[in-house]
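Working notes for the structure below.
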Amino acid sequence: MNPPEEQYRRYVFFGIVLISLGVIFNTTLDNLSGSLGTVLIAFGGLLFIVGMKKKRDASK
């Protein structure tokens, strides 16, 4: 199990993955996905922000 100090890495990693999938959906699969790419970018950004906040709290 990961120590609580490094739990933020999971949020940051999944945030980056979702942002990259959202960019792919927005650029290459625009006709098929509709607004799914934009939603993935927004949710990935939210996870990234949560991960950075957890990192800041763990470093204190």
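None of the values given here were measured: they were computed from a predicted structure.
Each of Leu47 and Ile49 belongs to its own hydrophobic cluster when Ile, Leu, Val, Met, Phe, Trp and Tyr are linked at side-chain heavy-atom distances under 4.5 angstrom. Hydrophobic clustering (ILVMFWY, side-chain heavy atoms < 4.5 Å, transitive): Phe43 and Leu29 are in one cluster. Hydrophobic clustering places Leu46 together with Phe14 (ILVMFWY residues linked when any side-chain heavy atoms are closer than 4.5 Å, directly or through intermediates).
Partners of Ile41 under the side-chain contact (heavy atoms from CB on, under 4.5 Å) rule, at least two apart in sequence or in another chain, are Val23, Asn26. Ile16 is linked by a side-chain contact (heavy atoms from CB on, under 4.5 Å) to Val12, Phe48, counting only residues two or more places apart in sequence or in another chain.
Taking CZ of Arg10 as the reference point, atom NZ of Lys54 lies at 11.0 Å (rounded to 0.5 Å).
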Worksheet entry | side-chain contact (heavy atoms from CB on, under 4.5 Å) between Met52 and Tyr8, worked out | CA-CA 7 Å; Met52 287 293 126; Tyr8 68 89; 5.5 Å; no
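Looking at Leu21, Ile19, Val17 one by one, the single match for side-chain contact (heavy atoms from CB on, under 4.5 Å) with Leu40 turns out to be Leu21.
Among pairs with a residue in residues 32-53, those fulfilling salt bridge (charged side-chain N to carboxylate O under 4.0 Å, His left out) read Lys53-Asp57, at least two apart in sequence or across chains.
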